[in-house]
Amino acid sequence: MDEGAFILIIERISCNRLRKDGGKIMTKELPTKYDPKTTEENWYAYWLDGRYFEATGDKKKKPYTIVIPPPNVTGKLHLGHAWDTTLQDMLTRMKRMQGYDVLWLPGMDHAGIATQAQVESQLRDEGLSRYDLGREKFLEKSWEWKEEYADHIRRQWAKLGLGLDYSRERFTLDEGLSRAVREVFIKLYKKGLIYRGEYIINWDPKTKTALSDIEVIHKDIDGAFYHMKYPLKDGSGHIEVATTRPETMLGDTAVAVHPEDERYKHLIGKTVLLPIVNREIKIVADDYVDMDFGSGAVKITPAHDPNDFEIGNRHNLERILVMNEDGSMNDNAGPYKGMDRFDCRKKIVEDLQEQGVLFKIEDHVHSVGHSERSGAVVEPYLSTQWFVKMKPLAEQAINLQKSDGKVNFVPARFEKTYLRWIENIHDWCISRQLWWGHRIPAWYHKETGDIHVGHEAPKDEENWEQDEDVLDTWFSSALWPFSTMGWPDEDAEDYKRYYPTDVLVTGYDIIYFWVARMIFQGIEFTDQRPFKDVLIHGLVRDSEGRKMSKSLGNGVDPMEVIDKYGADALRYFLVTGSAPGHDLRFYWERVEAAWNFANKIWNASRFALMNMEDLTYDEINLDGEMQLADKWILTRLNETVEAVTTLSEKYEFGEVGNKLYHFIWDDVCDWYIEMAKLTLYGEDENAKQMTRSVLAYVLERTMCLLHPFMPFITEEIWQHLPHEGDSITVASWPEKQENWHEPETINEMKLIQEVIRSIRNLRAEMNVAPSKPIAMNMKPASEQTELILKKNEAYIQRFCNTSELTISLAAKPEEKSVTQVISGAEIYLPLEELINIEEEIQRLNKEYDRLTKEVERVQKKLANEGFVKKAPAKVVDEEREKERDYIEKRKLVEQRIEELKQ
RNA sequence: GACCCGUUAGCUCAGUUGGGAGAGCGCUACCUUGACAGGGUAGAGGUCGCAGGUUCAAGCCCUGCACGGGUCACCA
């Protein structure tokens with residue numbers, strides 16, 4: 001691998017050494033705002049220095065492998081890459097913490113056409129072409145270019161915080177991978193699955209290379225339908241044909257009609273005189289022709305149309321190429337020689353009209369193929385190229401999906417997408433008329449024309465010439481999951497240990513180009529799927545839903561986002577921003593929301609650390625007496641741990657994000673920390689110590705859960721918190737702790753929360769400022785509830801801001817009290833001066849009506865025999881409980897109304 | 001033409017084993033409470049595209065339709 005940029009990162013490690021202190025806290029006080037800039041770079045350097053991302057080969061651990069979809073070495077990473085790699089980073093970080101020997105293998109793709117085009121454009125600026133330099137010099141230039149961009153990409157990976165094993169970085173043109181490419185080519189050739197032949201291929205006249213079918217993008221273009229009359233040689237009339245590409249008529253070598261077509265039967269075998277070039281061509285009969293389309297007669301240009309080519313084969317027609325490789329007309333075009341194909345079209349239309357041959361032009365929208373790379377209109381072109389025979393390979397891939405060893409697509413529907421394509425696949429044109437790429441390992445004998453295919457030239461090299469062309473970049477990408485592991489050396493350590501990989505993460509736009517090809521090559525050469533799962537995500541779009549593109553200028557540079565909000569915020573936004581397999585719109589506000597979340601976490605930790613005193617990891621002790629809030633948050637932590645773990649295994653990161661967000665913001669920050677203040681600011685030293693332990697423990701575990709989403713801030717906080725080990729990247733993944741799991745605390749907490757909420761609500765409704773202390777009188781519905789309320793009255797006092805609080809089964813409201821009925825208790829607030837009895841009665845009447853509606857709804861449900869009989873007992877019981885509760889509450893409200901009325 | 005996806009709060013979107021609708025932003029009112037104003041509290045806002053069906057029960061399953069987006073194929 002290239003060391004350049006990597007060393008830049010490594011260099012910074014030295015200034016970071018003071019952090020290597022065995023995990024002790026260096027500073028206690030955190031600044032009040034989280035600043036990603038000052039922390040992110042240091043931590044990345046620290047991670048590399050600790051070599052936490054390198055696969056260890058540790059036999060005691062199970063391997064877990066992902067290979068990165070290699071980005072084009074010619075470009076910068078965009079938000080799509082950031083999304084794609086963040087998903088992989090999350091998976092590998094989690095697995096590493098779970099104790100797997102993780103290999104996440106980085107690398108880049110040489111991207112033949114794209115890179116060559118860039119280098120050529122640079123040369124053009126210097127007034128040169130690649131031919132001026134020659135092949136060798138041009139490749140030198142390209143390698144320089146590659147080094148520069150590879151550095152750039154590595155720096156971007158670093159900024160994103162990706163835990164890549166750089167010691168195993170690969171490049172598709174590396175010697176090892178090139179050997180794999182040759183090996184595959186040779187083997188397929190020997191098997192007859194690679195062949196060379198003259199066929200109609202997709203030709204890009206701009207970059208002057210052949211393309212495969214999927215590199216052609218079809219766009220609807222407003223064109224025209226040109227109707228022409230070709231005269232019969234015997235002067236007995238003419239035959240009418242139509243075309244969208246009139247310039248191809250110069251290459252016509254027949255006219256075809258359907259053999260059953262009564263209109264033309266008598267003309268079959270006759271000769272037509274092709275206008276302009278005055279070539280004599282035959283009228284042939286062929287089933288391919290659709291009698292109902294157009295005139296029912298088709299001009300045949302075997303050298304410029306795939307269907308015509310087939311017809312030409314069936315009828316032994318001459319193939320006349322009328323264009324050069326750059327899209328200009330050649331010698332066969334007679335008077336049009338040298339003209340560009342589109343200029344020729346204009347001129348030939350004029351000329352034919354003048355001659356009366358072309359008699360009608362109709363507007364016609366038709367789909368025109370464009371080069372995916374250069375944008376040029378693709379010309380169907382007769383040319384000698386190398387092809388992969390796809391049917392046998394596709395069949396193996398299709399069969400694989402019927403076996404237990406199938407590739408699991410996530411979301412599952414993409415398997416259909418994949419199968420549909422592979423079931424209808426055509427042979428794959430793999431030769432490209434470029435210099436930057438894997439040169440085709442075929443030599444042609446200068447005299448005999450024999451073909452030699454092998455790793456090296458034949459011994460009498462001077463008598464042979466190597467094929468000038470290179471292979472489609474995807475031909476090498478298809479081997480990526482195993483060529484990077486040392487294949488074709490099947491005894492290579494990495495290949496044996498890490499192949500097949502566990503999951504491939506990529507966008508749906510690349511299923512055909514890459515995923516499908518990796519699968520059939522994987523089966524053919526390794527006898528198994530190259531990955532167990534394929535996680536498919538969508539595309540990043542702009543805020544209006546448009547694809548980001550250079551031409552629209554609506555692209556957002558992930559580095560700019562990171563500079564503004566930090567990598568953690570960007571990552572969190574990317575992986576929680578959409579449903580699986582769906583596109584994602586980019587919104588700055590949502591990145592900002594993620595940043596706010598990070599800051600919230602920061603400040604919660606800041607609070608904890610300010611109150612942690614010198615608690616060390618060993619001093620964390622959860623075995624003493626606990627408050628409700630402590631037991632509750634530990635239980636909620638357990639629930640969150642379980643949810644996060646199982647949802648992550650299912651790649652449901654959006655849901656994982658929701659769970660963590662809710663747990664951290666609502667449960668930890670809004671409730672637990674607020675409640676912890678009671679003990680932390682109180683006098684009871686034992687309780688304080690317990691709260692510190694719980695807080696430290698919960699935060700430490702929470703940072704671990706969040707680490708895959710937000711690696712930087714979690715490492716920073718984790719290092720400040722009491723912890724064990726040198727880095728959160730290798731900390732243990734949280735597991736459910738049965739000792740501290742008390743589901744009943746959830747309900748107790750719900751009761752306390754309901755009390756607090758209902759008082760806040762009443763205050764707002766009655767315009768009583770939260771800062772104003774009030775007297776509060778509670779009447780529990782049972783002794784059990786009374787116990788819970790009394791045990792937790794400190795919480796109620798604080799959060800309801802009471803001047804006095806009584807909790808008693810015998811409690812009675814003062815005359816002028818506001819009443820609130822909740823499940824399990826009545827609450828009275830004697831707010832004499834604020835109360836108007838009439839208004840209070842009205843308020844309670846509203847409540848009465850609301851409860852009545854609820855009662856009716858539940859009773860309706862319970863009155864349904866089918867429901868009671870067929871619904872699960874648990875569901876029915878829950879409804880009965882609700883009925884009881886609503887009726888009870890309604891009764892209490894009713895009583896209070898009656899009291900007030902007296 | 002075939003297939004896939006979407007249609008849920010003002011906007012953008014979550015909602016996976018079918019059991020009383022959620023988030024972010026925006027909006028309203030109030031709050032400098034000793035982690036956080038990048039914050040807190042309370043609140044408004046939804047016939048979950050339409051029509052059928054299955055089911056005790058449908059945003060979720062099935063069928064059809066409408067609109068929007070996408071993929072592939074055809075296009076002389």
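We name chains A, B, ... by the order of the sequence lines, and we start the count at 1 in each one.
- If you check distances only, the side chain of A:K416 never reaches the base of B:rC4 with a donor-acceptor pair under 3.5 Å.
- If you check every strand for non-hydrogen atoms under 4.0 Å, A:D509 touches nothing.
- Not one N or O on the side chain of A:D252 forms a donor-acceptor pair closer than 3.5 Å with the backbone of A:A254.
- In this structure, A:E592 atom CD and B:rC36 atom P are separated by 19 Å, rounded to whole Å.
- Among the atoms of the strands shown, none is found under 4.0 Å from any heavy atom of A:T301.
- Ring geometry for A:F653 against A:F709 counts as perpendicular: the plane angle is over 60°, on a 0 to 90° scale with 30° as the lower cut.
- Between B:rU33 and A:N801, no contact under 4.0 Å exists linking OP1 or OP2 to a side-chain N or O.
- Taking only side-chain nitrogens and oxygens, A:Y508 never comes nearer than 4.0 Å to OP1 or OP2 of B:rC72.
- Rounded to whole Å, the distance from CG on A:D666 to P on B:rA42 is 11 Å.
- In terms of modelled atom types and a separation under 3.5 Å, the side chain of A:R319 and the main chain of A:P302 share no donor-acceptor contact.
- Between A:H426 and B:rA73 there is no side-chain polar atom (N or O) within less than 4.0 angstrom of OP1 or OP2.
- Remark: the A:S367 side chain and the B:rC75 base include a donor-acceptor N/O pair separated by less than 3.5 Å.
- Aromatic ring orientation, A:Y34 versus A:W602: tilted (interplanar angle from 30° to 60°).
- Nucleic acid contact for A:Y651: none, since no nucleic acid atom lies under 4.0 Å from a heavy atom of the residue.
- Of the C1' atoms belonging to B:rG39 and B:rG34, the separation is 14 Å, rounded to the nearest Å.
- Comparing the P positions of B:rU7 and B:rG59 gives an interatomic distance of 14 Å, to the nearest angstrom.
- Residue A:N864 places its side chain closer to B:rC56 than to any other of B:rG19, B:rC56, B:rA42.
- The base of B:rA35 lies close enough to the side chain of A:E674 for a donor and an acceptor atom to sit less than 3.5 Å apart.
- Remark: A:K299 is not positioned above the aromatic ring of A:Y230, lacking an NZ or CZ atom under 6.0 angstrom from the ring centre and at most 45 degrees off the axis.
- Side-chain proximity of A:A579 to B:rA14, B:rA35, B:rU12: nearest is B:rA14.
- The same atom, P, is picked in B:rA35 and in B:rU28; the two are 29 Å apart, to the nearest Å.
- The backbone N or O of A:E854 lies less than 3.5 Å from no partner atom in the side chain of A:Y886, so there is not a single donor-acceptor pair.
- Side chain of A:N596, nearest nucleotide from B:rC36, B:rC75, B:rG38: B:rG38.
- Atom P of B:rC62 sits at a distance of 10 Å from the matching atom of B:rC5, rounded to the whole Å.
- At least one side-chain nitrogen or oxygen of A:K677 sits closer than 4.0 Å to the OP1 or OP2 atom of B:rA35.
- Across the protein-nucleic acid pair, A:D290 atom CG and B:rG1 atom C1' stand 14 Å apart, rounded to whole Å.
- If you take atom C1' in B:rA58 and the same atom in B:rG18, they sit 6 Å apart, rounded to whole Å.
- Protein atom OH of A:Y418 is 19 Å distant from nucleotide atom P of B:rC5, rounded to whole Å.
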Requested in this report: Give the C-alpha distance, both sets of side-chain angles, the deciding distance and a yes or no for side chain to side chain donor-acceptor pair (under 3.5 Å) between A:Y565 and A:E592.
Outcome: CA-CA 7 Å; A:Y565 294 103; A:E592 194 174 322; 3.1 Å; yes

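- Per the geometry, CZ belonging to A:R245 stands 12 Å off C1' belonging to B:rC75, to the nearest Å.
- A:H662 comes within 4.0 angstrom of nothing in the nucleic acid, heavy atoms only.
- Residue A:H218 has its side chain nearest to B:rC75 when only B:rC5, B:rC72, B:rC75 are considered.
- A:N554 contributes a side-chain N or O that, together with a main-chain N or O of A:S549, makes up a donor-acceptor pair within less than 3.5 Å.
- Between A:K33 and B:rG39 there is no side-chain polar atom (N or O) within less than 4.0 angstrom of OP1 or OP2.
- Nucleotides B:rC13 and B:rU17 have their C1' atoms positioned 23 Å apart, rounded to a whole Å.
- On the P atoms, B:rG46 is 14 Å away from B:rU8, given to the nearest whole Å.
- Not one side-chain nitrogen or oxygen of A:Y572 sits closer than 4.0 Å to the OP1 or OP2 atom of B:rG24.
- Of the side-chain N and O atoms in A:W665, one or more sit less than 4.0 angstrom from OP1 or OP2 of B:rG40.
- Taking 4.0 angstrom as the limit, A:R590 places none of its side-chain polar atoms (N or O) nearer than this to OP1 or OP2 of B:rU12.
- Residue contacts shown for A:A871 include a base, since a base heavy atom lies under 4.0 Å away.
- Put simply, CD on A:E765 is 13 Å from P on B:rA42, counting in whole angstrom units.
- Out of B:rA35, B:rA42, B:rC36, the shortest distance to the side chain of A:N599 is found at B:rC36.
- Separation of the P atoms belonging to B:rA14 and B:rC75 is 37 Å when rounded to the nearest angstrom.
- Take A:R263 and apply the side chain to side chain donor-acceptor pair (under 3.5 Å) test, not counting sequence neighbours, and it matches A:D261.
- Side-chain proximity of A:K600 to B:rG40, B:rG19, B:rC75: nearest is B:rG40.
- Rounded to a whole Å, the CG atom of A:D583 is 18 Å from the P atom of B:rG68.
- With A:R585 contributing its side chain and A:R541 its backbone, the two residues share no donor-acceptor pair below 3.5 Å.
- Stem regions for RNA chain B, each three or more consecutive Watson-Crick or G-U pairs with both distances under 3.5 Å and listed by first number, read B:1-7 with B:66-72, B:10-13 with B:22-25, B:27-31 with B:39-43, B:49-53 with B:61-65.
- Residues A:R541 and A:V298 both approach RNA chain B. Their nearest nucleotides, taken by heavy-atom distance, put A:R541 toward the 5′ side.
- For A:F867, counting side-chain heavy atoms from C-beta on, the closest listed nucleotide (B:rU41, B:rC36, B:rG19) is B:rG19.
- The aromatic ring of A:Y661 does not sit over the base of B:rA23; the criterion of centres under 5.5 Å apart with planes under 30° is not met.
- Distance from the side chain of A:H364 is smallest for B:rC75 among the nucleotides B:rG19, B:rC75, B:rG43.
- Remark on RNA chain B: of its neighbouring residues A:E854 and A:W421, the 5'-side contact belongs to A:E854, judged by nearest-heavy-atom nucleotide.
- Taking every side-chain heavy atom of A:Y587 into account, B:rU12 is the closest of B:rU12, B:rA35, B:rU41.
- Distance alone, capped at 3.5 Å, places no donor-acceptor pair between the A:R314 side chain and the A:D286 backbone.
- Distance, A:L660 CG to B:rG24 C1': 16 Å, rounded to whole Å.
- Using a 30° and 60° split on the angle between ring planes, A:F586 and A:F573 fall in the perpendicular class, above 60°.
- Closest to the A:Y512 side chain, of the nucleotides B:rU71, B:rC5, B:rC36, is B:rU71.
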